[in-house]
Structure formats: structure tokens, C-alpha cells
*Asks:* 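One structure, as C-alpha cells, below. Some questions next.
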Amino acid sequence: MSDTSSARPAEGEAPARRQGGLHRLMRYLPLIAPVLLWAVPCGVLLHTGQHWPLPVTLIGTALFALGLVGMPLAMARGHGRRQQDGAAIVGDTLLGGSWVLFTWSVLLGVFLRLALTVAGVGESQDRARIVTWAVLGVTAVLLVWGYAEARRVPRVRRLDVQLPRLGAGLDRLRVVLITDTHYGPLDRARWSARVCETVNTLEADLVCHTGDIADGTAERRRAQATPLGTVRATRARVYVTGNHEYYSEAQGWVDLMDELGWEPLRNRHLLLERGGDTLVVAGVDDVTAESSGLAGHRAHLAGALSDADPDLPVLLLAHQPKFVDRAAAAGVDLQLSGHTHGGQIWPFHHLVGLDQPALAGLSRHGTRTLLYTSRGTGFWGPPFRVFAPSEITLLVLRSPHRPTSP
């Protein structure tokens, strides 16, 4: 991965223009997106040659218009100043449902109709109605399945990660990663307890939470977060802030995690020692912290690594994968991140990829630095996960220097 900070101005002009265009598009996206999400399915399902009876067409069009108006209003009441959980549930569910309906209206509206035409199936009206029922059927199945995937306790994903600088005494160190729990309008206190029970079966040496604990303040979501206090680790439980903490009084979440026995790594590190070898476990605030206006909150890697022996391997917690550029420049061995949710609802991952260098899994950046990006333990907003399953991650760190005794 190249270091963009060293690029000459002439080389950076085109990317800057593209970035500016993307920012302008993002500025108008909240206005454009709801119209597209509801108007496109309405046209594909009702007004492209189906010739439904007039009452069906009128009622269907009215329902789409209601969704177009109701979804933004519900989301504004749910996530704006009023913070009404019921409205948030309605708005988020409509958002997820409309995204899936939009996606499959486009895909089946184009490709299935083309396939039926090439195959000579029925008349134009028959093909149009087949597409409508296919879209509705696929959408219903994916939403039911996606809801079950979002609400289930995540599967454990295990992988071995070799770090060349890791000493033999730390071979087989067990690191469990949870992230993006997003406790929110849907009460998930029981789910939270079951997640923590699953983590405790993994016999972790180190448990990490890389932010986005909840949507809402610590006081408001305390009941859902309290089970985190039951998590066990033989060495340490560490936490860093995510961007969503900075929408909801981040310092309150830092204080609550400290109260629950977790160590908030706010631009600092601790040393994990075993078998005569040492690992630097560092953490930084989320990259959005500085713009939040909270005093003392910012992503400061130099501060996190201050006074650490540069010859020791470094495990870094940073909420967003895009922090890996700075981590690689500093010679970090392994960065753990979340934030992306793996896209959460396919094919949203294509949009996530515009902002982040990795979507999920293990990737290499530079000559030394590995990045592990979790798909997240919970879900944000729409209570659906489609082709982006949640996870609890067990990383077993391996040293190239095997210990002399088991």
C-alpha cells in the first residue's frame, strides 16, 4: 500500500478531484437514496407492463409512497434529537427492507426479464408478472433469513496468525475479538449475555472490543452492555472507541467500560508478558474523535506507542480499517478493526469499499503489517444481515520460534 502523504501535488490532483466529487455525491445522497429505494421497485413491480387491476396498482403505488415518506420521518424521529426507539425500529426496518427490494428489483427486473424474453416464455405481461412475483418472493426469503442471521449469536471464526517478531513464549496466545455490538433500539440484553457466554468458552488470554458498542448513551444502553462485565480473560480485556460512541457521549462509554473491568486504551498501551516474551497491546481513539469536539479525544498513534520498546511486536486496536496506513508506517505487526460489518446487507459492501481498504478477514499492508477486519458481532440499524454473517473471532497468534516445551 502506497504512502499517499509522500505523493507530489501533480500526482494527487486527480484523486483529489475524485474525492471532491464523491463528497458532493454523498452530500446529496440522503435526498436521492430514499427516492431511488422506493421509486425503482414501484416502477418495476407495478408499472412495467404487468397491467394489474386498477385497485392493485393504486394500492401498491400508495404503499410505496407511504414508505417513501414514512421511512425518512421515522428515522429522523428515531435517530435525531428525539431518539424514539420505536420510530428507529420502524425506520431502520423500512430502510433494510427497501434496500433488499431495490436490489432485487434491479437485478431480476433486468436479468430475469431478459432471460424470459430470450427463452420465449409467455407474453410481455406474463413475463412482467413473473418478475414481480420473483422479486417479492426473493425479498421475503432474504429478509426472513437476514433477520434470523442478525439476531443469532455469531459463529466463532478461528484463524492462526503468524507474527514474525512474536517471541516463542507468546506462541499460541489466544486473542478474542468482538466489535460493533451496536446495542440499540431493539433490546438485546439476552443476546449480549449469550455472546459473552460464547466468548468465555474460548479461554482467551486477551479479549478486545474495537468499538461501536451501542447506538445511544451509556446510561440509556447500560442494561444491554452490562453482560460485558462477565467476560473472562487470563491477561486483559481491552477496548477502544468507535465512531458511534462519538454520536452518543463517548466519555460515558469509556467510563462504563472501565467500570465493567475493561481497560480503555485511549492512545496508550499495555504490556502482555508470558514465557519471558512481551507483546505491546496498544489502542487509539477512532479517527472521528477529534472532530467530535470532546477534549482530549483524538487518534494519536505516537502517543499510544510512546515509551514502547521498538523491537517488541505490536498489536494495535483501531476501530476503522483505514487507520492501517498509519499503523503500517509505524511498523505495527497486527491491527484489529471492525466498522465495516462486511457490508451487512449485500451488495452494500461495494459502497463500504469506497471508504475502507479492507472489508473482512486478514490482509497485508506494507512489508510487516497485517490487518484483521471483523464483520462485526452485532448489526447497525436495519435488523438484517444478508450474505455478511456476524462473527466472534478467535485469533491464535503464532511465533516462528516454537517453544521448547508444550
Side-chain angles (χ1 to χ4, degrees), residues 1-5 7 11-12 14-30 32-34 36-37 40 92 95-96 98-107 110-111 142 146 149-150 154 157 159 161 177 179-180 182 210-212 242-244 284 286-288 299 316-329 332 334-366 369-382 384-391 393:
M1 179 170 292
S2 61
D3 182 2
T4 56
S5 65
E11 294 172 338
R17 285 195 295 270
R18 287 196 296 271
Q19 186 107 6
L22 180 60
H23 285 169
R24 284 194 293 273
L25 176 62
M26 295 301 290
R27 186 183 307 165
Y28 294 107
L29 193 61
I32 300 170
L36 291 176
L37 289 178
V40 170
D92 292 343
L95 175 61
S98 62
W99 172 255
V100 175
L101 188 62
F102 167 83
T103 297
W104 293 95
S105 292
V106 172
L107 293 178
V110 173
F111 295 108
L142 289 178
E149 280 289 299
R157 184 179 186 189
L159 69 158
V161 179
L177 171 62
T179 184
D180 299 274
H182 283 287
T210 54
D212 279 9
N243 57 304
H244 277 250
V284 291
D286 184 61
V287 293
T288 60
L316 174 69
L317 277 61
H319 177 65
Q320 299 195 40
K322 64 185 177 183
F323 196 81
V324 76
D325 281 354
R326 295 184 228 181
V332 166
L334 174 62
Q335 175 179 315
L336 302 183
S337 298
H339 186 68
T340 69
H341 298 207
Q344 187 164 319
I345 305 177
W346 187 89
F348 195 76
H349 65 284
H350 291 300
L351 296 179
V352 176
L354 296 175
D355 184 54
Q356 299 293 334
L359 185 73
L362 194 65
S363 55
R364 179 173 292 278
H365 302 264
T369 304
L370 294 175
L371 164 68
Y372 185 81
T373 306
S374 169
R375 290 187 299 254
T377 309
F379 61 86
W380 173 84
F384 309 106
R385 274 188 171 270
V386 178
F387 305 133
S390 56
E391 65 178 83
T393 317

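The first residue of the sequence shown is numbered 1, and numbering continues consecutively from there. No experiment lies behind these values; they were computed from the predicted model shown.
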*Asks:* Give every residue pair that meets the salt bridge (charged side-chain N to carboxylate O under 4.0 Å, His left out) criterion with at least one member in residues 337-362, sequence neighbours excluded.
*Replies:* K322-D355
*Asks:* Is the backbone of P382 close enough, under 3.5 Å, to the side chain of Q344 for a donor and an acceptor to pair up by distance?
*Replies:* yes
*Asks:* State which residues pass side chain to side chain contact (heavy atoms under 4.5 Å, CB included) with V110; sequence neighbours excluded, sorted by chain then number.
*Replies:* none
*Asks:* Would you please name every residue forming a side chain to side chain contact (heavy atoms under 4.5 Å, CB included) with S390, sequence neighbours left out?
*Replies:* P154, R385
*Asks:* Between CD of E391 and OG1 of T179, what distance do you get to the nearest 0.5 Å?
*Replies:* 9.5 Å
*Asks:* Checking T373 side chain against L359 main chain: does a donor-acceptor pair fall under 3.5 Å?
*Replies:* no
*Asks:* With sequence neighbours left out, write down each residue that passes side chain to side chain contact (heavy atoms under 4.5 Å, CB included) with L142, or none if nothing qualifies.
*Replies:* V100, W104, V138, W145, V386, F387
*Asks:* I need the T210 OG1 to L316 CG distance, nearest 0.5 Å.
*Replies:* 10.5 Å
*Asks:* I'd like to know whether the aromatic ring centres of H182 and H341 sit less than 6.0 Å apart in this structure.
*Replies:* yes
*Asks:* Apply side-chain contact (heavy atoms from CB on, under 4.5 Å) to residues L370 and H365 and explain how you reach the verdict.
*Replies:* CA-CA 6 Å; L370 294 175; H365 302 264; over 6 Å; no
*Asks:* Minimum heavy-atom separation for F384 and I345, please, with both atom names.
*Replies:* O-CG1, 3.7 Å
*Asks:* Using the side chain to side chain contact (heavy atoms under 4.5 Å, CB included) criterion, which residues pair with T103? Sequence neighbours excluded.
*Replies:* W99, L107, W346, P347
*Asks:* Go through the steps for N243 and D212 under the test side-chain contact (heavy atoms from CB on, under 4.5 Å), then give the verdict.
*Replies:* CA-CA 6 Å; N243 57 304; D212 279 9; 3.2 Å; yes
*Asks:* How far does CZ of R375 sit from CG of D180, to the nearest 0.5 angstrom?
*Replies:* 12.5 Å
*Asks:* Give the C-alpha distance, both sets of side-chain angles, the deciding distance and a yes or no for side-chain contact (heavy atoms from CB on, under 4.5 Å) between L371 and L362.
*Replies:* CA-CA 6 Å; L371 164 68; L362 194 65; over 6 Å; no
*Asks:* If you measure from CG on L336 to OH on Y372, what distance do you get to the nearest 0.5 Å?
*Replies:* 9.5 Å
*Asks:* Which residue pairs pass the salt bridge (charged side-chain N to carboxylate O under 4.0 Å, His left out) test when at least one of the two sits in residues 339-349, sequence neighbours left out?
*Replies:* none
*Asks:* Measuring from atom NE2 of H339 to atom NE2 of H244, what distance do you get when rounded to the nearest 0.5 angstrom?
*Replies:* 7.5 Å
